[in-house]
Amino acid sequence: MMKQIAWDEVMKRLEVASKICNDASPVQVEGPIHVGVDLGTADVVVMAVDDNGVPVSAFLEWATVVRDGVVVDYHGAITIVKRLVGMMEERLGRKITEASTSYPPGTDARLSTNILDAANLRLVSTADEPSCLARLARLDRAAVVDIGGGTTGTAVISNGKVIASVDDATGGHHVTLAMSGALSVPYEEAELKKRGADNRQYAPIVKPVFERISDIVKAHISGHAVDTVYLTGGTCCFPGIAPLFEKELGIKVECPDYPLLLTPLAIACLPLMEG
């Protein structure tokens, strides 16, 4: 079993994952591997870690198979998971028959676990998304804020355990809408610009949306002992989001360099944290 790791170590492992993401070249891995499947609103990620919880393979595909915690394209989700698992099998040179997954707080876990079952993967472990991170990292007096495509979820963590969680229907979708309107481009084009490497230029357009999200988070954590907020979710890829949140919330805000890979890493490590 692996012990909880410090945030700095989490960041190092995300760096490793980012370097191998969508790398199909064969690699030899000694010992057992542990696979996590993350079904997001804007993407699907399959990640494998070794017995020490270090990423050895990761594949990401942009897809809208989930909306507000509900699988809206069941066949598409199964097809993508099978495809990504197949690519991972090629890279690692071994058959993958089991995996762990997660689900948004307050939703039915079967929405995710049924996809694994249909993709011929035996379920090893499952937990709601913030609990996955709470089990992985040594967090206390903290809040995990997951800014996804459709919602912003806040989980308050005390001594490594989630003690409260709440969701609000504001997220990356609203950022894209703001960009689409301001730039007079179709939603799909605005979404691509949002994900682009040069998205910093759109910061003035989206700032009001992030201020609105930070207000939501402020209400979520009100009355709780929170010293640090940890941001995750694809929408956090926008530059300058952490300083904006720090200014609005008045407390320390940590944002990983690769927020899209944080939940998949935590899911893959789930079996190592149990027992």
Side-chain angles (χ1 to χ4, degrees), residues 1-7 9-18 20-21 27-40 43-60 77-78 80-82 84-89 91-105 107-139 144 146 155 157 159-162 165 230 232 256 258-275:
M1 290 296 140
M2 192 175 89
K3 290 183 179 176
Q4 283 189 316
I5 58 177
W7 182 248
E9 181 59 32
V10 173
M11 298 282 272
K12 287 176 187 171
R13 296 185 189 198
L14 287 177
E15 179 82 26
V16 172
S18 75
I20 60 172
C21 189
V27 64
Q28 276 292 117
V29 179
E30 297 298 321
I33 61 162
H34 309 274
V35 176
V37 176
D38 181 24
L39 299 163
D43 65 326
V44 176
V45 181
V46 177
M47 186 181 294
V49 298
D50 64 16
D51 227 15
N52 296 310
V54 177
V56 293
S57 182
F59 289 95
L60 179 153
I78 297 162
I80 292 170
V81 169
K82 281 184 172 179
L84 298 186
V85 167
M87 293 164 73
M88 186 171 281
E89 288 177 334
R91 172 173 164 83
L92 299 175
R94 61 171 84 183
K95 187 79 178 152
I96 294 170
T97 58
E98 55 185 32
S100 300
T101 191
S102 73
Y103 52 92
T107 65
D108 191 335
R110 287 174 297 181
L111 294 169
S112 296
T113 60
N114 285 348
I115 298 294
L116 263 62
D117 187 47
N120 303 315
L121 294 168
R122 185 181 73 81
L123 179 69
V124 179
S125 187
T126 186
D128 65 73
E129 288 156 359
S131 292
C132 293
L133 183 55
R135 291 185 196 181
L136 174 68
R138 208 176 296 133
L139 304 183
V144 173
D146 188 342
I157 298 175
N159 201 22
K161 293 207 176 342
V162 176
S165 84
Y230 295 86
T232 183
Y258 309 99
L260 272 174
L261 300 175
L262 181 55
T263 298
L265 172 65
I267 295 169
C269 289
L270 265 180
L272 296 170
M273 313 305 298
E274 296 180 340

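Values below: all heavy atoms of this structure, side chains included; hydrogens, waters and symmetry mates excluded.
Side-chain contact between P256 and Y230: absent, with no pair of heavy atoms (C-beta onward) separated by less than 4.5 Å.
A distance-only check finds a donor-acceptor pair linking the side chain of R91 to the backbone of V56 [under 3.5 Å]. Using a distance-only test at 3.5 Å, with no hydrogens or angles considered, no donor-acceptor pair links the side chain of S100 to the main chain of G36. For the pair R135 (side chain) and A127 (backbone), a donor-acceptor distance under 3.5 Å is absent. Side-chain atoms of Q4 come within 3.5 Å of backbone N or O of A137 as a donor-acceptor pair. Under the 3.5 Å distance criterion, the side-chain polar atoms of N52 are left unmatched by any main-chain donor or acceptor of V54.
When every heavy atom of C132 is checked against every heavy atom of S102, the shortest pair comes out as SG-CB, 3.8 Å. Considering every non-hydrogen atom in both L265 and M47, the closest pair reads CA-SD, 3.6 Å. Here the closest non-hydrogen pair linking L121 and I96 is CD2-O, 3.7 Å. Taking every heavy atom of both residues into account, P130 and A155 meet most closely at CB-CB, 3.2 Å. Summarising the geometry of E15 relative to S18, their closest heavy-atom pair is O-OG, 2.7 Å, with the distance given to 0.1 Å. When all heavy atoms are compared, the tightest approach of I33 to A48 is CD1-CB, 4.5 Å.
The CD1 atom of I157 sits 14.0 Å away from the CZ atom of R138 when rounded to the nearest 0.5 Å. To the nearest 0.5 Å, atom OG1 of residue T101 and atom CG of residue L116 are 5.5 Å apart.
With respect to E89, the salt bridge (Lys or Arg N to Asp or Glu O under 4.0 Å) criterion is satisfied by exactly one of R94, K82, K95: K95.
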As a quick check of understanding, evaluate side-chain contact (heavy atoms from CB on, under 4.5 Å) for R13 and V10, giving each step before the final call.
CA-CA 5 Å; R13 296 185 189 198; V10 173; 5.9 Å; no
